[in-house]
S.K.: 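Can you read through this structure? Questions will come right after.
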Amino acid sequence: MGTFFDFAFTGVPYGCDFAILAVGLVLTYRATGVFNLAFGAQAYLSALVFYVLVRSSHLPVWAAALVAILGLSPAVGIFLDRALFRLLPPGATVGKLVLSVGILIAIPNITSIVFGPATRLSPPSLVFNLNEVYFHVGSVPVNGLELGPAVVTVLVVLVLLALLRWSSIGLRMRAVVESRRLAQMEGVNASGVSSFAWGLSSVLAGLAGVLLAPLDASLHSSDYTSLVVSAMAVAVFGLLRSLPRALAGGVILGVIQTIVAGYLPSNSTLSGGIQAALPFLLLAALLVGVPSMRRLEESQDPLSVCDPPAPPLAAAVRDRRLERPMRVGFWLLVVAFLVSSATWIPGDWVYELGIGLSLSVVFLSYTLITGMAGQISLCQATFAGVGCFFAGQLAIRLGFPMLAGIAIGGAAAAVVGVVVAVPALRLGRLPLALLTLAFALVADNLIFPYSWAGGGASGLFLPEIRVGSMNLSNPRPFVFLSCVVLAICAIAVLLVQRGHLGRALAAIRGSEIASVSLGLNVNRAKIVVFALAAAMAGIGGVLYGAVQQAVSPNDFVYEYSLVFVVVVITTGATTVEGAIQAGMAYAIIAQVLTYVPQRLDGLEPILFAIGTVTYAAHPEGIVEYQRRIWMQRVGRLLARWDQQRAGGPGPRSGEAPRGEHAGQERSPAIAPGEAAPIILGTDS
Amino acid sequence: MSLLEVVDLSISFGGVQALAGVTLSVEEGEMVGLVGPNGAGKTTLFNCLCGNVAVDEGSVRFDGVVMDRLSPYQRARLGIRRTFQRVEVFPDLSVEEHLLVAERARLGQPTLWRALSRRGRESASERVGIQEMMERFGLLELAGTPVAALSLGQCRLVELARALQGRPRMLLADEPSSGLDAFETAELASTLRSMCEEEGVTLVLVEHDLDMVRKVVGRAVVLDLGRIVALGSLEQVLADPQVRRAYLGEEAPAS
């Protein structure tokens with residue numbers, strides 16, 4: 001019994017590490033309405049600055065902590081609010097999520113450019129001497145490393161509870177989270193309140209960052225990210241509302257983890273995996289099992305009826321006369337691309353283009369899930385991994401041809417997709433995103449490390465794709481193969497998009513309850529689209545593996561899913577073109593960046609992370625936006641040309657040029673006085 | 001046998017007893033008004049009938065089929081359609097597409113392959129039915145308009161047209177006149193009545209506008225605090241002292 005108590009007790013301070021992060025997540029969610037996946041990155045930033053100030057600038061610890069926690073952190077938080085989150089349209093669940101993923105990716109990459117990628121050993125401690133044992137509980141010694149977070153976490157929870165209960169700011173923060181515009185109309189200074197909320201939650205991030213810095217021997221951003229992902233389970237245990245529950249949840253998680261670690265045999269893949277995957281298994285169980293978690297943040301902005309309707313897609317704005325030239329241009333481009341990649345483009349570029357084409361197939365899965373079903377999945381890289389490893393293992397162990405493996409891998413991923421989709425059916429957007437993230441992390445820790453799955457540490461070496469004597473895994477023929485596969489997948493997505501299922505999904509996206517009331521089987525539609533998307537990811541994964549040949553679990557870790565989401569949302573998740581251009585852009589920028597100094601390695605994720613900012617202005621993606629703009633311009637030119645040819649008056653006195661006001665063209669049909677959407681000014 | 005039989009339906013949310021033992025039957029082809037003050041449980045009753053919430057006790061039969069274990073979409077396929085108090089439309093779809101979704105859903109579950117491969121555009125026969133329905137509700141000239149651009153009143157009409165496009169046996173209309181002016185309400189009342197009569201649709205109408213109720217329904221049910229307090233013709237029901245108390249806060253004579 002003594003050992004059990006010892007294990008349990010060592011878990012308490014360990015659990016407080018989770019607790020302080022979870023408290024931060026809950027506070028941020030309550031105060032700003034954002035489930036801030038970037039919380040860990042913010043914590044890392046202040047820990048890093050703290051480290052640099054102490055170790056390089058030789059500031060005293062208290063001064064460095066002051067600068068990092070009370071100076072830098074709130075400044076960053078207020079910047080994020082004013083420069084980014086404020087621009088999002090109200091009620092944009094997907095936008096908030098993607099933006100926070102973008103920040104999560106951007107911050108570590110920016111810091112590694114600014115401060116250099118050096119390893120930072122033995123981070124300093126803020127409060128207590130790390131190794132000094134202050135007292136014993138039973139036979140367990142309690143040292144400073146363990147005491148610090150525990151004491152601070154409890155204090156922080158008490159202070160926050162007091163603030164939220166006894167000051168009026170708590171109520172105002174909730175009003176602003178519900179609807180910034182409505183709160184403003186009621187006389188609340190929404191900008192001030194939301195800046196305060198961001199500042200406060202960022203101070204907490206800074207505090208957590210500095211406190212947790214000495215946990216590991218060196219300072220790494222990935223440690224913070226994975227800690228925060230574990231803390232998500234705790235935040236969800238607190239129902240994203242209750243600070244005391246989050247505190248309790250953190251302690252419980254810490255205790256469970258140390259007990260499991262204590263009783264499982266050490267040094268086996270299984271026990272290591274279970275230990276690491278435990279928080280994510282809990283997260284998944286909580287999301288699926290707790291009814292109030294299913295429909296988080298589904299409240300609409302009460303003023304959304306006042307917003308103008310979304311602009312029409314480029315295809316709707318297009319002048320009919322453009323269709324033929326565009327089709328001809330498209331085929332010319334395809335032929336030029338294929339001929340060039342077969343002839344003059346250098347080999348390393350062709351290889352990278354092949355990767356871009358395989359990623360395009362993976363990205364098509366976002367067109368289905370995000371563009372059509374309106375959901376965010378954070379595990380598409382995992383599905384790609386499932387496809388790749390399944391096809392690879394079949395090829396290596398049973399000698400299946402890799403060409404058939406492309407289809408087999410897609411089918412395997414689709415099956416896993418159904419397995420993930422079934423528990424996710426009733427979840428709202430945010431819980432679904434978290435569930436998929438949990439699944440990705442469980443797969444990373446518990447499934448892929450095995451030699452029968454991802455090949456373990458050494459990975460797999462995939463056989464070549466052969467047709468007769470031709471080796472299609474060589475970069476140049478591979479481009480042709482992947483173009484064919486991409487074309488088949490793209491056509492499939494287009495058919496679904498324009499067909500019956502696409503419209504049903506658009507209806508479900510608009511109103512699930514109304515779709516059900518018409519007799520639509522919403523669950524089946526969701527499962528089908530999830531399975532299709534997983535299949536696309538799986539097919540892309542096999543291609544991605546086949547061109548590299550040597551693949552390991554590291555090629556499909558959850559970080560890639562995060563990067564992928566950011567890339568696709570930036571380029572355009574609503575159209576097939578968007579997905580293809582996302583894949584090509586990702587590959588081409590990566591190749592271009594091989595020519596810049598190594599220190600700028602993180603530039604590509606930064607570029608795309610910054611790209612997520614454009615979500616606020618045009619959620620359909622920059623590609624789709626640019627296409628619409630150009631279609632409108634060309635349409636206007638054509639209209640002017642028409643008028644001149646007809647010998648009519650100049651363009652200024654003519655009717656509205658075709659296309660430009662496609663949205664307004666409808667208005668004559670609408671009764672006057674009701675039609676004009678009232679456009680409210682955004683925050684000033 | 002009645003088309004709809006509700007037996008002893010109860011549901012509570014936390015401490016609030018939203019429905020307390022509601023027993024009600026509606027005959028085929030009947031038009032019933034469901035009236036009562038705010039918070040009486042009218043919309044909750046609709047939600048229970050459609051399976052949107054799980055009931056605590058009681059049972060609902062539709063055309064002899066016990067629906068208690070059916071999911072909402074399966075109940076819809078039995079021939080129940082509803083509209084919503086807070087309009088529920090699909091913002092990205094046009095008016096025409098709303099009706100097309102309803103039309104396709106009515107025809108039942110397509111096979112997986114057909115759901116994937118079927119063309120999105122409507123067939124000629126589908127178009128005829130849809131055009132006709134849009135004409136009935138005066139929506140023809142809005143056919144291609146995305147619903148996000150419509151006014152609240154127009155959205156109500158789209159909702160009703162969508163529900164009727166499913167050729168229901170029973171229509172549950174939840175305050176269809178809210179957001180419409182007096183003239184539009186009168187017009188809606190006559191359209192609703194004539195459509196339901198022609199197609200033999202059983203109608204349950206929740207409505208605060210008693211004029212409209214009077215024009216449409218034959219029988220009224222008064223709900224207050226989750227209980228049925230009166231049944232009968234509208235005039236009869238409105239004269240009931242218990243109803244007057246519920247609606248107007250008049251003291252009922254002690255009995």
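Labels below follow one simple rule: chain letters A, B, ... track the order of the sequence lines, proteins then strands, and each chain is numbered from 1.
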S.K.: Without swapping roles, check the side chain of A:R503 against the backbone of B:V101 for a donor-acceptor pair under 3.5 Å.
M.R.: no

S.K.: Roughly how far apart are B:F84 CZ and A:I513 CD1, rounded to 0.5 Å?
M.R.: 4.5 Å

S.K.: Show the nearest heavy-atom pair for residues B:A102 and A:L518, with the distance to one decimal.
M.R.: CB-CD2, 4.1 Å

S.K.: Take a 6.0 Å sphere around CZ of A:R245 and say whether it holds more than 12 heavy atoms from other residues, nucleotides or ligands.
M.R.: yes

S.K.: Measuring heavy-atom distances to chain A, does B:R75 have an atom under 4.5 Å in its side chain, in its backbone, in both, or in neither?
M.R.: neither

S.K.: Measure the spacing between CE of A:M372 and CG of B:D92 and express it to the nearest 0.5 Å.
M.R.: 12.0 Å

S.K.: Relative to chain A, which segment of B:V87 carries a heavy atom at a distance below 4.5 Å: side chain, backbone, both, or neither?
M.R.: neither

S.K.: Counting only heavy atoms closer than 4.5 Å, note whether A:V516 contacts chain B via side chain, backbone, both or neither.
M.R.: both

S.K.: On a heavy-atom basis, which atom in A:G519 and which in B:R77 lie closest, and how many Å separate them?
M.R.: O-NH2, 2.8 Å

S.K.: Among A:A525, A:S515, A:S511, A:G502, which residue has the highest count of heavy-atom pairs closer than 4.5 Å to chain B?
M.R.: A:S511

S.K.: How close do B:F90 and A:A506 get, heavy atom to heavy atom, and via which atoms?
M.R.: CB-O, 4.4 Å

S.K.: Please flag which part of B:I80 lies under 4.5 Å from any non-hydrogen atom of chain A: side chain, backbone, both or neither.
M.R.: backbone

S.K.: Please name the pair of heavy atoms, one in B:A76 and one in A:S517, separated by the smallest distance, quoted to 0.1 Å.
M.R.: CB-O, 3.5 Å

S.K.: Quick one: which of B:L152, B:T83, B:N52, B:L172 has the most heavy-atom pairs under 4.5 Å with chain A, could you say?
M.R.: B:N52

S.K.: Surrounding CZ of B:F183 (heavy atoms of other residues, nucleotides or ligands, distance under 6.0 Å), is the total greater than 12?
M.R.: no

S.K.: Drop me the distance from B:S71's OG to A:N523's CG, to the nearest 0.5 angstrom.
M.R.: 7.5 Å

